[in-house]
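Comments concern the structure below.
Computation of the quantities below employed the complete heavy-atom set of this structure, encompassing side-chain atoms and omitting hydrogens, waters and symmetry-equivalent molecules. Small disclaimer: the values here were computed from a predicted structure and weren't measured.
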Amino acid sequence: PGSNHMSVVLSKSLKTELYRKAVHLSSLWMSLFILWADRNVSIVTFSLLLALNLIVEYAAYRKTAVVGDLFRRMFIRTLRNREVCRERFVPSGSVYILAAALIVSVCFTSKAAAAAMGVVLVADTCAALVGKVWGTYRFSNGKSIEGAAAFFSSAVWVIVLFFPTVSPLIVFTAALLAAAAEFFEKETGIDDNFAVPLVSGFVLNLISL
């Protein structure tokens, strides 16, 4: 009975993670938008979306009628425990994703910015799912070797997709820094949805100027 109960819990946990990462991957439109839209249009768009997202999430935190209730009904399955904290307002990962999209749009070339967003959206998804399903050895911060390897390898592929002729050293450096930002999220206290695009985009921007 105990093992059956555990498998049910793991199954529900995996389904929740799959749902969360499906929502995560749906944000890949950001990479395409950054790549094809005018820079100023990207900046304005992400600024408005970030402001709207913050307003809606704060309304949900304050339990404001209609807006807050609608947000919780739609996205409660994508929120982590710390993001539904009632003692203080904690922004969800989408806030950090939009903030990162805004900053990379402002600071980096469109190609570097698009690649950086692709890295966090694809590599983070791969790391979470591989770690959840196949993760065996886990570090003290909860990360697994398998998840970390999945993040690094998928980050490499995303970068090569955007920069097919760039030096392998640059690719590995950008992917390694991104993987480090994700791996040490708890230690640094910086959300990986925000840190990963910035560190990978910084490196990639140097070769795309």
Side-chain angles (χ1 to χ4, degrees), residues 19-62 64 66-80 83-84 89-128 151 154-155 157-164 174-175 177-178 181-182 185 190-209:
Y19 180 82
R20 183 181 292 127
K21 293 310 174 184
V23 173
H24 203 56
L25 282 178
S26 70
S27 298
L28 277 170
W29 68 267
M30 295 181 185
S31 285
L32 299 177
F33 189 75
I34 291 171
L35 203 57
W36 294 332
D38 179 79
R39 182 191 188 93
N40 292 329
V41 173
S42 292
I43 293 171
V44 171
T45 300
F46 290 127
S47 295
L48 292 174
L49 288 175
L50 176 59
L52 179 62
N53 203 86
L54 279 169
I55 291 170
V56 171
E57 288 196 15
Y58 189 73
Y61 164 70
R62 299 288 296 182
T64 303
V66 184
V67 174
D69 185 57
L70 181 62
F71 173 81
R72 292 182 65 81
R73 286 176 182 273
M74 291 178 62
F75 298 107
I76 189 65
R77 289 177 62 190
T78 70
L79 301 177
R80 300 190 183 279
E83 296 167 354
V84 291
F89 174 61
V90 179
S92 73
S94 63
V95 169
Y96 291 103
I97 285 285
L98 287 168
L102 174 59
I103 291 176
V104 298
S105 295
V106 171
C107 299
F108 305 146
T109 65
S110 59
K111 196 173 181 181
M117 294 308 297
V119 167
V120 69
L121 294 169
V122 173
D124 185 59
T125 297
C126 291
F151 186 101
S154 54
W157 282 110
V158 171
I159 294 169
V160 169
L161 180 66
F162 282 90
F163 297 91
L177 287 175
E182 195 275 338
E185 178 186 16
I190 304 174
D191 193 284
D192 60 347
N193 290 316
F194 184 75
V196 169
L198 266 60
V199 297
S200 57
F202 176 78
V203 175
L204 297 174
N205 191 62
L206 296 177
I207 62 172
S208 59
L209 292 174

Quick check: do [X] and [Y] have side-chain heavy atoms less than 4.5 Å from each other?
{"X": "Ile97", "Y": "Leu121", "result": "yes"}
{"X": "Val41", "Y": "Phe33", "result": "yes"}
{"X": "Glu182", "Y": "Val120", "result": "no"}
{"X": "Phe162", "Y": "Leu204", "result": "no"}
{"X": "Val106", "Y": "Phe46", "result": "no"}
{"X": "Phe202", "Y": "Leu177", "result": "no"}

What is the minimum heavy-atom distance between [X] and [Y], and which atoms define it?
{"X": "Ala178", "Y": "Val119", "value": "CB-CG1, 4.1 Å"}
{"X": "Ser31", "Y": "Ala114", "value": "OG-O, 2.8 Å"}
{"X": "Ser94", "Y": "Asn53", "value": "OG-ND2, 3.1 Å"}
{"X": "Leu50", "Y": "Val95", "value": "CD1-O, 3.5 Å"}
{"X": "Gly118", "Y": "Leu28", "value": "CA-CD2, 4.2 Å"}
{"X": "Ala101", "Y": "Met30", "value": "CB-SD, 4.1 Å"}

Rounded at 0.5 Å granularity, tell me how far [atom1] in [X] sits from [atom2] in [Y].
{"X": "Ile34", "Y": "Arg39", "atom1": "CD1", "atom2": "CZ", "answer": "10.5 Å"}
{"X": "Ile159", "Y": "Ser154", "atom1": "CD1", "atom2": "OG", "answer": "9.5 Å"}
{"X": "Asn193", "Y": "Leu198", "atom1": "CG", "atom2": "CG", "answer": "11.5 Å"}

Quick check on Trp29: does its CH2 atom have over 12 non-hydrogen neighbours (other residues, nucleotides or ligands) under 6.0 Å away?
yes

Would you check if the side chain of Glu57 reaches a backbone N or O of Pro91 as a donor-acceptor pair within less than 3.5 Å?
no

Could you go through Val196 and Phe151, starting from their C-alpha distance and side-chain angles, then the distance that decides it, and tell me whether this counts as side-chain contact (heavy atoms from CB on, under 4.5 Å)?
CA-CA 11 Å; Val196 169; Phe151 186 101; 3.9 Å; yes

Applying side-chain contact (heavy atoms from CB on, under 4.5 Å), name anything that partners Val44, two or more places apart in sequence or on another chain.
Leu48

